[in-house]
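Here's the structure we're looking at; comments come further down.
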Amino acid sequence: MSNKIINEKIKEMKKAHKVIREYKYEPAKIHRGYANKVLYINLSNNEIKEKLVPEEIKEKFTGGKGFGLWYLWNAVKSTTKWNDPENEIVISPGPVGGITQYPGAGKSLVVSLSPNTGTVVDSNVGGHFGPLMKFSGWDALEIQGKSDKDVVIFIDGDKGIITIEEAPLVSVDSHLMAEELTEMFAETEEEKRFISVVGAGSAAGHTLIGVLNFSFYDKRKKVQRLKQAGRGGIGTVFRDKKIKGIAVKYSQVGGNNNNVADINTIKKLGVKIHKEIHDHDKDQCRMREIGTAHLMEVMNDYDLLPTHNFKYGSHEDIDKIHSSVLATKVVQGSPDGCWHGCSMACAKAANEYELKTGPYKGDKVVVDGPEYETAAGVGSNCGIFDPDYILECNFYCDTYGIDTISFGTLTAFVMECYENGIINEEITGGLKLNFGNSEAAMELLHQMGRGEGFGKIAGLGIRRMKKIFADEYGADINFLNDIGMEVKGLEYSQYVSKESLAQQGGYALANKGPQHDEAWLIFMDMVNNQIPTFEDKAEALHYFPIFRTWFGLNGLCKLPWNDIEPIDNHLTEEPAKVPEHVQNYVELFNSVTGQNIDKEGLFKQSERVYNFQRVFNLKMGVGTREHDIPPYRSMGPVTVEEYESRQERYDKQLKEKLGINPENMTTAEKVEALKKYKYGQYNQLVDAVYKRRGWTKQGIPTVEHMRELGMDFPEVIEVIEKNL
Amino acid sequence: MKYLYKNDELCIQCHNCEITCAKKVQKSEDLRKSAIKINDNMKYGEEKINVCDQCGECIDVCSEMALGRAKNGVVLLDKKKCVGCLICVGFCSKLSMRTHDDMIEPFKCIACGECVKTCPTGALEIREK
């Protein structure tokens with residue numbers, strides 16, 4: 001389309017806008033990483049107000065995900081459902097967020113009650129929104145209520161004006177919406193780089209697995225790029241509130257908008273790690289060259305790449321979606337960061353990709369990714385080894401606003417059900433959902449976009465599908481529970497955890513559901529055997545989930561912590577912790593805020609919030625042991641064919657670990673014996689982890705523990721005591 | 001393409017170039033503000049004179065496109081576009097992009113030739129390549 005036509009179209013769209021509410025404010029001056037104000041918007045009555053952030057809340061929750069949890073906790077009751085008006089979407093970058101010198105410092109943390117789990121979910125996303133919102137004067141944006149008409153929210157940080165506008169003509173699908181709102185609110189071409197928008201997409205409104213897309217303007221390619229707050233269905237909440245998009249504009253971006261306590265220490269830390277990445281990334285994770293997709297063949301080699309709904313960990317067709325193949329599709333010659341200063345630059349994009357299917361067929365578009373999780377989820381896990389399908393599916397998931405991880409895992413589940421005759425063509429409306437059928441999988445995705453057919457059922461997620469398949473189609477619920485890769489209602493991310501007890505715990509014990517951002521322990525546990533005992537594993541499941549929580553409190557990305565390592569890291573006492581980088585983070589935090597924490601202080605900040613989130617789960621009815629149990633597919637072979645595919649390994653386990661001679665047993669008997677053993681092991685692990693975390697045997701943080709952490713708010717104690 | 005040619009063998013480490021660069025370009029007596037550095041404590045393999053050779057590697061790593069070539073080929077930083085991320089400093093394989101505590105943005109040699117005038121041995125020259 002020519003610029004003239006685009007301009008006319010945008011003018012028409014803008015003309016159709018009706019400003020429902022305008023709010024003028026004096027943008028707060030950022031002091032040492034904090035604006036000290038939260039922006040509250042209620043879409044039921046269009047109320048807009050400012051809240052001051054009390055010092056106590058900064059001290060206890062730090063920022064980012066911590067702020068999100070605290071403000072949401074106060075907004076919802078234990079009975080609140082995800083689609084009740086009082087549910088909120090809270091977006092917060094955290095105090096370190098927005099610094100430009102250290103890689104991975106532009107993250108926004110989004111918190112809401114999840115349609116998938118019914119409890120609180122947090123999702124970490126790149127793009128420029130969080131930093132620009134903070135520089136516009138807000139530590140967090142809290143959106144409550146529901147609009148009755150489609151709206152756009154615009155935060156103009158330059159002028160100090162917030163508007164809620166009816167937006168009948170703006171697109172819902174993110175690749176269009178991000179471009180339209182950026183065009184609409186940028187007064188000049190130059191201003192586009194100072195605008196970021198948040199949106200979802202049409203499928204976010206028709207399924208429960210909606211994502212939020214956060215944009216940034218790619219100056220080299222002159223296109224909008226999208227990063228996703230993927231997990232837990234927050235895009236679905238967004239569309240339920242009838243929001244089409246939220247835009248922010250702030251045009252004075254520079255090297256010290258956070259007005260930090262000690263910019264020179266931050267500069268030195270930044271130069272040091274930029275140089276580390278420059279010198280060593282090419283020999284370590286190749287994040288700049290390929291991004292997270294470099295894991296494809298690594299996981300396949302270790303039998304950890306999910307294939308056919310996590311039945312297997314490798315596949316003979318891996319070469320077709322090898323990272324070198326994916327790289328030829330997406331690498332544009334310039335690695336991209338999703339915020340200024342990210343030298344790790346793992347973001348990749350395919351430019352001018354011509355769509356083959358769906359409503360935008362024939363359009364040439366930008367596809368962000370694919371990340372490892374997407375390529376493994378929609379690709380190998382569904383038995384699809386076609387790089388073009390992976391790109392096409394990635395694009396549509398993003399623009400329709402749905403989570404590639406949940407889409408991949410639930411499609412794999414549906415395919416296994418289809419192959420087992422649990423569902424058939426009659427139920428799927430003609431979709432032959434065998435493993436490897438990329439056409440059927442793509443059509444399932446388009447059905448989600450249109451809100452039609454079997455796509456609507458699949459879009460409810462695995463937990464709800466299990467119930468429907470059992471109740472309505474007579475499926476064996478025990479089998480569905482074994483193969484349905486979800487815990488707490490959230491679909492698994494893409495690692496086979498069968499041979500790593502610690503990772504089974506890492507997934508199933510995770511506060512929001514099975515996402516690897518809490519703990520990724522497979523290599524430490526299975527490959528390197530560094531945590532052999534229950535106590536060792538429990539220590540790892542205490543330290544890593546809590547340590548990793550810290551990134552989300554501060555608007556940081558986890559990747560520059562351990563996807564690049566100092567060259568002498570292996571000589572340190574605890575290489576898995578990357579001690580030099582932990583020290584970098586201690587110094588970064590102190591240099592931004594002027595505080596004086598050490599690494600124990602850093603850990604304590606996270607421990608407070610981690611335990612608070614567990615109590616939040618408890619408040620919502622899912623914070624106890626029975627909600628921390630993994631499906632057997634994540635622990636061992638469910639089916640005979642699965643057992644027999646790695647018979648030597650499993651027979652050896654029966655012999656060596658159980659002292660059973662498998663020779664005279666049928667495979668079905670062997671499956672049962674191994675299952676019993678593995679759940680026994682898992683229960684012992686859970687006992688050890690709860691004990692290490694200061695929780696009861698039921699998985700409840702004790703009152704004493706919360707008191708020690710300084711998190712003994714009366715309402716927190718009340719929730720704990722009610723459940724003891 | 002214009003650049004500052006250097007000849008380590010002729011350098012007598014008098015530091016005139018650093019003094020001139022800091023004074024003329026940055027208006028400062030602080031030698032750490034000089035874009036050219038003279039190494040007094042060379043270890044094996046290190047160079048005596050370190051200065052940007054206008055190779056342009058930094059242009060590609062700048063997300064803001066704040067680094068670009070002038071008509072004469074010299075790599076210049078547009079401070080209005082720079083957001084102070086310092087990736088160009090960490091990614092300069094010659095270690096010739098500089099920072100200073102007084103400045104958010106980095107700085108570099110712009111091949112202005114002021115230092116050439118004060119070099120007593122002819123170790124520095126403005127050349128074309």
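Heavy atoms only: backbone and side chains are in, while hydrogens, waters and symmetry mates are out.
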How about [atom1] on [X], more than 12 heavy atoms from neighbouring residues, nucleotides or ligands closer than 6.0 Å, or not?
X: B:Glu46; atom1: CD; value: yes
X: A:Lys219; atom1: NZ; value: yes
X: A:Lys558; atom1: NZ; value: yes

Side-chain heavy-atom pair [X], [Y] within 4.5 angstrom cut-off:
X: A:Lys275; Y: B:Leu95; answer: yes
X: B:Asp101; Y: A:Lys268; answer: yes
X: B:Val89; Y: A:His274; answer: no

> If you tally heavy-atom pairs under 4.5 Å against chain A, which of B:Thr99, B:Val83, B:Ile104, B:Val61 wins?
Replying inline: B:Val83
> Which residue out of B:Cys85, B:Cys62, B:Pro106, B:Ser63 racks up the most heavy-atom pairs below 4.5 Å with chain A?
Replying inline: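 Highest number of heavy-atom pairs under 4.5 Å: B:Cys85.
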> What distance do A:Ile263 atom CD1 and B:Met103 atom CE have between them, rounded to the nearest 0.5 Å?
Replying inline: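 Here the rounded value is 14.0 Å.
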>> If you count heavy-atom pairs within less than 4.5 Å of chain B, which of A:Ser343, A:Gly270, A:Pro103 leads?
In response: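 Most heavy-atom pairs within the cutoff with chain B belong to A:Ser343.
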> Which residues from residues 72-82 of chain B are near chain A, with near meaning under 4.5 Å between non-hydrogen atoms?
Replying inline: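 When heavy atoms of chain A are the reference, residues 72-82 of chain B contributes B:Lys80, B:Lys81 within the under-4.5 Å range.
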>> Quick one: does any side-chain atom of A:Gln101 pair with a main-chain N or O of B:Leu86 as donor and acceptor, under 3.5 Å?
In response: no
> chain B heavy atoms under 4.5 Å from A:Lys272: which part of the residue, side chain, backbone, both or neither?
Replying inline: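 Nothing of A:Lys272, per the 4.5 Å heavy-atom cut-off to chain B.
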> Please walk me through it: do A:Thr100 and B:Glu64 pass side chain to side chain contact (heavy atoms under 4.5 Å, CB included)?
Replying inline: CA-CA 12 Å; A:Thr100 59; B:Glu64 291 308 286; over 6 Å; no
> Salt bridge check: are B:Asp60 and A:Arg220 linked by an N-O gap of less than 4.0 Å?
Replying inline: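 Result for this pair is no, no salt bridge flagged.
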